[in-house]
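What follows is a single structure, written as structure tokens, with notes after it.
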Number of protein chains: 2
Amino acid sequence: MPKRVDHAERRAHIIDALVRVAAAEGLHAVTMRAVAAEAGMSLNLVQYYFDSKAKLMHAALERLEQQSHQRWSKRLADLPQPPTAHAFIEAFLAEALPTDEASRAFHLVWTSYAVLAMTDRELAAEPFVAGPDRLERQLTDVLSRAQRDGALAGGRDPAAEAARLLALSHGLGTGVLVGQRSAEAAMAILRAHLDQLFDDRLVWSAPRSPVEVTSDGG
Amino acid sequence: MPKRVDHAERRAHIIDALVRVAAAEGLHAVTMRAVAAEAGMSLNLVQYYFDSKAKLMHAALERLEQQSHQRWSKRLADLPQPPTAHAFIEAFLAEALPTDEASRAFHLVWTSYAVLAMTDRELAAEPFVAGPDRLERQLTDVLSRAQRDGALAGGRDPAAEAARLLALSHGLGTGVLVGQRSAEAAMAILRAHLDQLFDDRLVWSAPRSPVEVTSDGG
DNA sequence: ATTTTTATCGTACAGCGGTACTATGAAAAC
DNA sequence: GTTTTCATAGTACCGCTGTACGATAAAAAT
């Protein structure tokens with residue numbers, strides 16, 4: 001056996017095993033032994049590369065976050081540059097939906113972590129609030145620009161629309177995960193929503209002065 | 001000690017203890033012993049009233065479902081009869097959001113169960129797909145009627161709107177649970193969505209007979 | 001060549017979890 | 001009044017889980 005080994009690669013290998021176990025049998029089935037077996041190594045090695053289970057769990061969450069970011073970047077890069085706001089957001093929403101098996105696994109494990117974080121003060125809740133918050137700001141920016149360009153349907157509040165998009169995609173994602181709806185059906189709903197949001201067929205019935213839609217934009 | 005005891009009451013008491021434990025520490029913290037302690041009885045009694053942990057978990061899920069149904073019925077009954085479609089749906093959405101502590105506990109535990117059901121074939125996935133399906137049909141009916149009455153904004157598909165409302169409320173609910181958004185903010189977004197859905201200020205660009213504004217005094 | 005470091009293995013230990021077993025007073029049935 | 005049933009209690013057992021503790025062989029360092 002060689003002496004020097006790429007620790008980062010080893011750790012990634014183990015975490016991938018963890019995600020496979022969690023996706024197949026749930027986060028509660030993630031034990032040091034199960035992960036070791038899935039990774040094809042001994043229990044001791046998992047201990048060796050991650051001191052404790054808690055650290056392993058944290059590392060896995062971090063990796064999931066990074067991977068998600070990477071996939072999102074890749075999808076964005078695949079868009080014709082510069083992408084329209086519509087295309088940009090549609091790509092975003094497509095990524096937020098569990099379409100293929102890999103995506104399904106990711107979303108399932110991510111959701112499991114999120115539920116865990118609701119009660120475990122130990123587990124950083126940061127990714128589950130700061131992450132969406134950042135996305136929401138990003139979406140808000142894009143929508144604001146789109147609004148300036150006149151691409152948005154009238155009377156929309158970019159921040160509110162961003163929040164709505166995020167909540168909607170998450171709700172649909174859960175529906176797909178739970179087997180209530182197919183990913184295609186969910187995507188169709190999202191596209192319809194987007195079409196409405198970017199639709200120029202919808203106009204105000206009265207000239208725009210008197211109408212005040214949302215309250216504050218805090 | 002008396003001999004005859006109301007089993008249903010006993011079981012309900014135990015299940016309530018389970019829900020408290022699950023809401024406070026997560027579903028993974030639900031052990032026979034923890035539930036017994038929370039219920040103020042011995043481990044053996046929990047075994048006595050529910051043969052196994054699996055049956056206890058199933059019973060708890062059933063009770064949650066029933067309670068949810070009851071709360072929803074009560075909320076509906078509190079509405080002025082007959083309720084407008086707008087009021088009906090707003091009441092529904094308000095119930096779907098974790099507003100007070102009790103509601104938060106319910107939604108947290110329910111979500112935990114849903115995540116569990118994603119991997120445990122044993123745990124009936126039925127409540128998490130048949131339930132929302134039924135709600136969706138109900139909403140679709142209400143929206144269809146509203147559309148016939150001309151209360152809906154133009155060009156909407158009741159079924160799609162029902163799915164959208166359900167997904168949106170669920171996504172917002174998760175956001176509240178996770179601490180990303182306050183229940184009030186979530187409710188504001190939902191109300192805005194509803195206002196749009198029922199809004200007569202939004203019409204097709206092609207001129208249309210003016211729809212009157214139902215100023216919701218109810 | 002010896003010593004140290006590193007990656008790996010096996011195993012042991014303590015705690016907890018679900019379940020099963022037995023016991024015991026008290027009410028109900030007879 | 002005896003027997004049966006019921007609600008409750010205590011406890012023991014076995015398996016699993018995280019963690020700790022050596023052992024070992026190979027590569028690196030000296």
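By convention in this document, chain letters (A, B, ...) are assigned in the order of the sequence lines, proteins followed by strands, and residues within each chain are numbered from 1.
When rounded to the nearest whole Å, the span between NZ of K53(B) and P of dG15(D) equals 19 Å. Rounded to whole angstrom, the span from the CG atom of D6(A) across to the P atom of dT8(C) amounts to 12 Å. Going from atom NE2 of H28(B) over to atom P of dT17(D) covers 15 Å, rounded to whole Å. Rounded to whole Å, atom P of dT8(C) lies 13 Å from atom CZ of F50(A). Between the CZ atom of R11(B) and the P atom of dT8(D) there is a distance of 14 Å, rounded to whole Å. Between the P atom of dA7(C) and the CE atom of M41(A) lies a distance of 12 Å, rounded to the nearest Å. The nearest whole Å value for the distance from the CD atom in E9(A) to the P atom in dA7(C) is 12 Å. The separation between L27(A) atom CG and dT17(D) atom P is 14 Å, rounded to whole Å.
Nearest heavy atom pair, residue T174(B) against residue M118(A), reads CG2-CE, 4.4 Å.
Side chains of H7(A) and Y49(A) form a contact here, defined as non-hydrogen atoms less than 4.5 Å apart.
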Check the pair R71(B) / R75(B) against side-chain contact (heavy atoms from CB on, under 4.5 Å), numbers first and verdict last. CA-CA 6 Å; R71(B) 272 200 312 275; R75(B) 203 184 272 266; over 6 Å; no

Quick one, give me the B/S/- string for nucleotides 11-16 of chain C, reading 5' to 3', where B means a protein heavy atom under 4.0 Å from the base and S means that only happens at the primed atoms, P, OP1 or OP2. -B----

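For Y48(B), counting side-chain heavy atoms from C-beta on, the closest listed nucleotide (dT19(C), dC6(D), dC9(C)) is dC6(D).
Comparing D51(B) and S42(A) against DNA chain C, the residue whose closest nucleotide sits nearer the 5' end is S42(A).
For W72(B) and F106(B), the ring centers sit 6.0 Å or farther from each other.
Within 4.0 Å (heavy atoms only), H7(B) reaches sugar-phosphate atoms of the nucleic acid but no base atom. Nucleic acid contact for Y49(B): sugar-phosphate only, since backbone atoms but no base atoms lie under 4.0 Å from a heavy atom of the residue.
The aromatic rings of H193(B) and H193(A) sit parallel to each other, their planes meeting at less than 30°, with 60° as the upper class boundary.
No donor-acceptor pair under 3.5 Å is formed between the side chain of S103(A) and the backbone N or O of D100(A).
For D6(B) and R10(B), the salt-bridge test fails: no basic side-chain N is under 4.0 Å from an acidic carboxylate O.
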